[in-house]
Amino acid sequence: MEIPSHYAPRQVERRWYQTWLKNKAFASIPDHRPAYAIVIPPPNVTGVLHMGHMLNNTIQDVLVRRARMLGFNACWVPGTDHASIATEAKVVQKLRAEGIKKSDLSREAFLEHAWEWTHKHGGIILEQLKELGASCDWDRTAFTMDEVRSQSVYHVFADLHAKGHIYRGLRMVHWDPEAKTSLSDEEVLHKDITATLYYVKYEVVERPGTFLTVATSRPETIMGDVAVAVNPKDARYEALHGLHVRVPVGGREVPIILDEYVTADFGTGCLKVTPAHDWNDYAIGQKHGLEVLDVLNEDGTLSAHGLQYAGMERFAARKKVAEDLLASGHLAKTEEYASTVGTSERTGAVVEPRLSLQWWVRMPELAKPALDAVMSGEIQLIPDKFKNTYRHWMENVRDWCISRQLWWGHRIPAYFYGPGELDYVVALSAEEALIKARAASGHNDLTAADLQQDPDCLDTWFSSWLWPLSVFDGIRHPENQEIQYYYPTQDLVTAPEILFFWVARMAMAGYEYTGKRPFERVYLTGIVRDKLGRKMSKSLGNSPDPLALMDAYGADGVRMGMLLTSPAGNDLPFDESLCEQGRNFTNKVWNALRLVKGWKVSDDAPEDEAAAWAVDWFRHLLDAELAELHRDFDRYALSEALMRLYKLTWNGFCSWYLELVKPAYGQPISPAIYDATVEFMDTLMAALHPFMPFLTEEVWHLLSPRGETEFLDFAAYPVGHGLAYRSTEFTLLEEHVVALRTFRAEKNIAFKLPITVDASTKPAAWPAIAKLTNALWGDAQGGLPLRAGTLELRVLIESDAVDVEAERAKAHKDIEYYTRFKRSIEAKLSNEKFVAGAPAAVVEAEHKKLADADAKIEIAQKLLAALAN
RNA sequence: GGGCGAAUAGCUCAGCUGGUUCAGAGCAUCUGCUUUACACGCAGAGGGUCCGGGGUUCGAAUCCCUGUUCGCCCA
């Protein structure tokens, strides 16, 4: 069989993925085995695969595949969420490009477009996950707006409302003027900016000609001013207490009020109070019973209260107002200062504080069990440093604004039967609503036409937080077999960015509806960054195309590249060279296969002591490393687990083992050695399979004949059996081999020329050493002394190959170095406190160091003596 | 402004409750190598005041204090 010298991953990967799908290798149904479930963090239906997904889903696949091999009934549930704001924005954009305005469409017509868009783009990201090798149970693919998930959402809304956890209230919210909707606190990103502070002069009504200067960053809200506040203790303004000022635009008279909130040393110590447009101003306004003048429209343009600026866009208005103030002599000065501004997580628009009537979830009570679960370790965060962040947030959690002024999403199941704010009922259907409304209103003649369903829809996270329950239909049917079997799930893999958006809320929903945790562990990944440390994003254009990467390095290569340097919770500074490393590794494994498959197996093969030693040694090494591997997995140290396998395969297996068992050119190999080699390689492939599913499946099938539907995924994950690894014997071999190789290299002795070696004791692994160094054990009388570790060898060579001066310098260096080393140890040992205080083993180790140093010095001295001849 | 975390080779990281040859790995670097599995390779080598300063201890990368820098979360 001719195997190409370079592994070509893509066709192999496509072929295997199709085969796995055809055989439903990843399907899971409840059975007698213990369940292991992961629910995917549903990507946006509008999304395409980015590097963050690659990392996240690779980790999930590793965990799921390993669980499957460990004998669990592993179930990875895929799906997408509807991404209310993002999707609606995209659909609006698309329609605009076609000349259609959203406002011209009915709700129903718009939703038709949205569904059409979803059906067209919705599956893309899931198809891309298949390229990566994701072993999801695709029959279970869920969508937050499909029937089961939607009904679950309505059910929960009604239930929480009935329990008093959901209420309707007029409150300050974050408003996204671009999406024209409210946002929750978590959807607002605070960014550092350089803002301009405008110093505006307000004339004191009672003292014409006297001005009060107010520093503000938002002159366009001046028309909404209802007071100017100063700190009551601020002596500068004492004389003005109880007076009024004239708002420089529009000329309204407003009072000067006193409030402790005002800091005397920021700006001028005078604060203009605009309750409609600032959270703190709103609080001050409430306290002082001031009116609320809203100068902005929902789209961020100025309203009629904005007077001559009505209709202008807010930032244009800011500029214009400032110009006009300057022209009218009311602008004293401007200065730059560092500030922050809230932006919409989805649209990037600068958010506005806005007073509006919204639906809220009361959080403290729901948060309690979710907080306790993480603090007690019932839900484990990996790494656990996130516990603190989690606690901080949960202890200060504020009520959750769940209504969005959008059409794409779950429409709030509240039906209004009257004009009052509370003239509504919550119901799962219009019919039910009518019955309830009749009862609530006392009007039995109400008809369906008298009911008006709330036009708003729910925050997307209001469906996502039910995900671990709703994918198993556990909300509507809590007794069903699926939820009973798979819930609680085991692991959840996600980014720390959505710890609060999602993880915390899933915990809340989990405890509220089942009394149980939704998952045992939450593995928090890092953020994928570019070499400059910037987060990879489409807008920066610094993210490589995952599909192009997979084409270049293979899915296995990219998976390995992503995992090699990504400990939990740490950011991943991504570099394509990591994928290259992954690809190189796949190629290495591939070539090991080529080597092994190229051997002729024969009973007539000459006996090979080196190979026999190698088999025995590697069996022990493999066993010990597998035990360590399990410890790595137990700690969720996936990078370390992978690195362990990388080194075991490349160094242990390829560099040492294969070189030791490799028959001489043209010679056959004995069946015993060959079988052992194949067995080792099978084991390595199994151990690596969760990380590189494609390559390992391919190699595993090529190594030995296997059935067409026999997959590595169904094989047992290899475990260690506690064989004691003979590290001392290997170290001895390694020291000899490295010493002899270096000896050859320094003296330019070709490998083909055998060298003669002797020493006072022949190492047990001598045949192996001899094979790797082309050395003969024999009389090396008169040979050059050579140190291998702490042992002295004599090596016989032609004397003119020796650079006497260099050898002498080396020996002197050795002597000097180890003499100094010896002195420090002697000092330690002569310290009575050390000898008395340190454990016996430590003291003994020091004695050993001392003896070893002596041996090394002695060898160097012998070398000097030999060189003197 | 409040809270949390980090700082160890050029880069990315490991180093558990202080003690096993004066600190380890991978990558990168350097030097050899047309060795018939692999140059996507083989063999070898170099590279670190463990952020600075104090302290505890027989002994500190590891514990304590302090300073500096960086990151994250929240306001």
Side-chain angles (χ1 to χ4, degrees), chain A residues 3-7 185-186 190 279 340 342 383 385-393 395-396 398 496-497 499-500 526-527 529 531 533 553-554 557 564-567 569-575 577-578 580-599 631-632 635 637 639-640 642-644 646-647 650-651 654-655 658-659 662 665-666 737-738 741-746 748 750-752 772-774 789-790 817-818 820-825 827-839 841-846 848-853 856:
Chain A
I3 309 177
S5 71
H6 280 123
Y7 175 58
D185 296 340
E186 291 69 41
H190 294 273
W279 296 72
T340 58
K385 66 177 178 186
F386 286 107
K387 265 171 108 164
N388 281 327
T389 316
Y390 182 87
R391 184 182 57 214
H392 189 252
W393 189 77
E395 284 175 348
N396 297 288
R398 297 199 289 174
E497 308 170 283
L499 193 55
F500 312 127
I527 294 166
R529 297 182 181 277
K531 273 191 252 185
Y553 303 104
L564 271 176
T565 64
S566 52
N570 269 30
D571 286 357
L572 165 60
F574 182 80
D575 190 325
S577 68
L578 292 167
E580 201 179 311
Q581 197 184 343
R583 180 204 58 187
N584 293 352
F585 181 71
T586 58
N587 196 239
K588 186 70 185 176
V589 171
W590 183 249
N591 276 287
L593 173 78
R594 287 181 67 214
L595 176 66
V596 172
K597 293 308 283 183
W599 288 336
R631 276 187 274 278
D632 290 339
R635 295 188 298 126
S639 292
E640 285 171 52
L642 177 57
M643 183 50 75
R644 183 180 301 286
Y646 176 90
K647 286 190 283 189
W650 198 311
N651 301 331
C654 294
S655 297
L658 286 179
E659 292 301 328
K662 193 193 238 177
Y665 184 66
V737 171
V738 169
R741 277 175 178 164
T742 310
F743 184 87
R744 276 182 181 281
E746 281 175 354
N748 248 320
F751 185 81
K752 282 173 199 144
L772 293 179
T773 59
N774 193 19
T790 58
Y817 178 88
Y818 284 106
R820 224 176 33 221
F821 179 52
K822 220 178 114 176
R823 251 186 256 129
S824 76
I825 295 181
K828 214 181 212 180
L829 284 172
S830 60
N831 180 339
E832 278 169 36
K833 283 185 185 165
F834 169 72
V835 179
V842 173
V843 177
E844 203 184 313
E846 293 301 319
K848 173 94 172 33
K849 286 187 203 175
L850 200 60
D852 288 350
K856 287 172 181 176

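In what follows, every chain begins at residue 1, and chains take the letters A, B, ... in the order their sequences are listed.
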**Q** Distance-only, no hydrogens or angles: does the A/W599 side chain make a donor-acceptor pair with backbone N or O of A/K662 under 3.5 Å?
**A** no

**Q** With a 4.0 Å cut-off on heavy atoms, is A/S577 in touch with a base, just the backbone sugar-phosphate, or nothing at all?
**A** nothing

**Q** Give A/Y646 one of three labels, base, sugar-phosphate or nothing, depending on what nucleic acid heavy atoms sit under 4.0 Å from its own.
**A** sugar-phosphate

**Q** Look only at the side chain of A/D632 and the backbone of A/A637, and say whether a donor-acceptor pair between them is shorter than 3.5 Å.
**A** no

**Q** Could you tell me the separation between the CG atom of A/N584 and the P atom of B/A37, rounded to a whole number of Å?
**A** 19 Å

**Q** For a quick check of understanding: with a heavy-atom distance under 4.0 Å over all strands, which category does A/R583 fall into, base, sugar-phosphate or nothing?
**A** base

**Q** So what does A/R398 hit on the nucleic acid, given a heavy-atom distance under 4.0 Å: a base, only sugar-phosphate, or nothing?
**A** sugar-phosphate

**Q** Measure the distance from CH2 on A/W279 to C1' on B/A75 and round it to the nearest whole Å.
**A** 12 Å

**Q** To the nearest 0.5 Å, what is the distance between CG (A/L772) and CD (A/E659)?
**A** 7.0 Å

**Q** A/H392 on top of B/C4's base, within under 5.5 Å and under 30°?
**A** no

**Q** Parallel under 30°, tilted from 30 to 60°, perpendicular over 60°: which one fits the rings of A/W590 and A/Y7?
**A** tilted

**Q** Do the side chain of A/E659 and the base of B/A37 come within less than 3.5 angstrom through a donor-acceptor pair of N or O atoms?
**A** yes

**Q** With sugar-phosphate meaning primed atoms plus P, OP1 and OP2, does A/V835 contact a base, only sugar-phosphate, or nothing at under 4.0 Å between heavy atoms?
**A** nothing

**Q** Which one is paired to B/U34, where only Watson-Crick or G-U wobble pairs with both distances under 3.5 angstrom count?
**A** none

**Q** Categorize A/W650 for me: base, sugar-phosphate, or nothing, with a 4.0 angstrom heavy-atom threshold over every strand shown.
**A** sugar-phosphate

**Q** With RNA chain B as reference, determine whether A/D185 or A/T586 sits nearer its 5' end, using the nearest nucleotide of each.
**A** A/T586

**Q** Short question: side chain of A/N591, backbone of A/N587 - any donor-acceptor pair under 3.5 Å?
**A** yes

**Q** Both distances below 3.5 Å, Watson-Crick or wobble geometry, any strand: find the nucleotide opposite B/G5.
**A** B/C70

**Q** Any donor-acceptor pair under 3.5 Å linking the side chain of A/T773 with the backbone of A/R741?
**A** no

**Q** Remember a base hit wins even if backbone is also touched, and classify A/E580 as base, sugar-phosphate or nothing at under 4.0 Å, heavy atoms.
**A** nothing

**Q** Return the value, rounded to whole Å, for the distance between atom CH2 of A/W393 and atom C1' of B/A75.
**A** 15 Å

**Q** A/Y665 near the nucleic acid: base, sugar-phosphate alone, or nothing, with a heavy-atom cut-off under 4.0 Å?
**A** base

**Q** CG of A/N587 versus P of B/A37: gap in Å, rounded?
**A** 14 Å

**Q** Identify the nucleotide, in any strand shown, that forms a Watson-Crick or G-U wobble pair with B/G19, with both distances under 3.5 Å; if there is none, say none.
**A** B/C58

**Q** Within the 4.0 Å heavy-atom criterion, would you say A/E395 contacts the bases, only the backbone, or no part of the nucleic acid?
**A** nothing

**Q** Rounded to the nearest Å, what distance is computed from the NE2 atom of residue A/H190 to the P atom of nucleotide B/G3?
**A** 19 Å

**Q** Sort out the partner of B/U29 for me: Watson-Crick or G-U wobble, both distances under 3.5 Å, none otherwise.
**A** B/A45

**Q** To the nearest Å, how far apart are A/N388 CG and B/C4 P?
**A** 7 Å

**Q** Let's test your reading of the model: under 3.5 Å, does the base of B/C38 pair with the side chain of A/K588 as donor and acceptor?
**A** yes

**Q** Have a look at A/K752 and say if it touches a base, only the backbone sugar-phosphate, or nothing, with a 4.0 Å heavy-atom cut-off.
**A** nothing

